[in-house]
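Single-structure report; data block below.
Because the structure is predicted, anything quoted here is derived from the model rather than measured.
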Amino acid sequence: MTYIDYSDSDFYSKIKQLLLERGKKVELGRGYVLCQAGEMTSGIGLLVSGALKYSRTLNNGSERIVWFSFTGDLVACCSGTCNNFPNLLDIVAMENSLIYQLPVEQIDAHLGHEFISHLAEAMCYQLLKSTIDDYSQSPEERYMALTERFPDIHNRMTNRTIASYLGITPESLSRLRKRLLTKQP
């Protein structure tokens, strides 16, 4: 998966500043559910520390992780934020985390509807890119992109969590990691 870094963009700078100045400071313990699938919530946050997973519970009861947020990322309940639809994903703290968050209405009041539209467009693009990468890249390519973005991921997350994100078994992830280690000079 190719991660799109918006941290240099003007809209990221504006929302980051607004969230740090006016956002509600929320400390999340490991396992805290920030958003739950099916609920109506609308908010945007800045993840100041920690890591979050975006996941969906499948019909067989297993969990499929579809996205991660790490320190410095904007956090949003994707469907509920801009369209007033129920959330499609659970967002859960994978470790103790800290965010500053505001309801969309307050962001809209400070930065305007055009800003929210721009943010929604950026989120849709990121999700579309992620979906395309899921179908067009191998698990190895997505794993390498993930570890490039977050080099110490294995120190902070289990193989099971990473494998869920990649759509493979933990055993396949172990084989993939071993194969990559033997390729290194």
Open item on the list: Would L173 and Y143 count as a side chain to side chain contact (heavy atoms under 4.5 Å, CB included) here? Give the steps.
Closed with: CA-CA 9 Å; L173 176 60; Y143 173 78; 3.8 Å; yes
Min side-chain heavy-atom separation [X]-[Y] under 4.5 Å:
| X | Y | answer |
| --- | --- | --- |
| L20 | L46 | yes |
| I99 | L19 | no |
| F68 | M157 | yes |
| N159 | H154 | yes |
| V26 | Y100 | no |
| L52 | L28 | yes |
| T161 | M94 | yes |

TODO: Decide yes or no on side chain to side chain contact (heavy atoms under 4.5 Å, CB included) for V48 and T71, but give the supporting numbers first.
DONE: CA-CA 5 Å; V48 177; T71 300; 5.9 Å; no
Open item on the list: Would you say CZ of R160 has more than 12 non-hydrogen atoms from neighbouring residues, nucleotides or ligands within 6.0 angstrom?
Closed with: no
Open item on the list: Let me confirm one number: the CD1-OG1 distance from I162 to T147, rounded to the nearest 0.5 Å.
Closed with: 9.0 Å
Open item on the list: Quick check for you: to the nearest 0.5 Å, what is the distance between Q17 atom CD and H110 atom NE2?
Closed with: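 Nearest 0.5 Å value for the CD-NE2 distance: 11.5 Å.
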Task: Salt bridge flag under 4.0 Å for residues R149 and D73 - done: yes
Locate the shortest heavy-atom distance separating [X] from [Y]; write the atom from each residue and the value.
| X | Y | value |
| --- | --- | --- |
| T182 | R179 | OG1-O, 2.8 Å |
| E141 | Q137 | OE1-CA, 3.1 Å |
| M144 | L180 | SD-CD2, 3.9 Å |
| A93 | G29 | CB-O, 3.4 Å |

- [ ] Could you tell me whether the side chains of S172 and R175 share a donor-acceptor contact shorter than 3.5 Å?
- [x] yes
Output a table of donor-acceptor pairs, distance under 3.5 Å, between side-chain atoms of residues 55-66 and any protein atom two or more places apart or on a different chain; print 'none' if there are none.
residue	atom	partner	partner atom	Å
S55	OG	E63	OE2	3.0
R56	NH1	L88	O	2.8
N60	OD1	S62	N	2.9
N60	OD1	S62	OG	2.6
E63	OE1	K53	NZ	3.2
E63	OE2	K53	NZ	3.1
R64	NE	S164	O	2.8
R64	NH2	Y165	O	3.3

Task: Pair V75-I44, side chain to side chain contact (heavy atoms under 4.5 Å, CB included): steps then yes or no - done: CA-CA 6 Å; V75 176; I44 298 174; over 6 Å; no
Task: Short side-chain to backbone donor-acceptor contact, Q106 and P103, under 3.5 Å - done: no
- [ ] Kindly say whether E95 contributes a backbone atom to a donor-acceptor pair with the side chain of S97 at under 3.5 angstrom?
- [x]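 Answer holds: yes.
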TODO: Hey, can you tell me if F150 and F70 have their rings parallel, tilted or perpendicular (30° and 60° cut-offs)?
DONE: parallel
Open item on the list: Run I91 and V33 through side chain to side chain contact (heavy atoms under 4.5 Å, CB included) and show every step you take.
Closed with: CA-CA 6 Å; I91 302 177; V33 178; over 6 Å; no
Task: Within one Ile-Leu-Val-Met-Phe-Trp-Tyr cluster: L89 and W67, side-chain cutoff 4.5 Å - done: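 Looking at the clustering, W67 is in the same group as L89.
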TODO: Report yes or no: do L98 and V92 belong to one cluster of Ile/Leu/Val/Met/Phe/Trp/Tyr joined by side chain heavy-atom distances under 4.5 Å?
DONE: no
- [ ] Please identify each residue that fulfils side chain to side chain contact (heavy atoms under 4.5 Å, CB included) with R30, with sequence neighbours left out.
- [x] N96
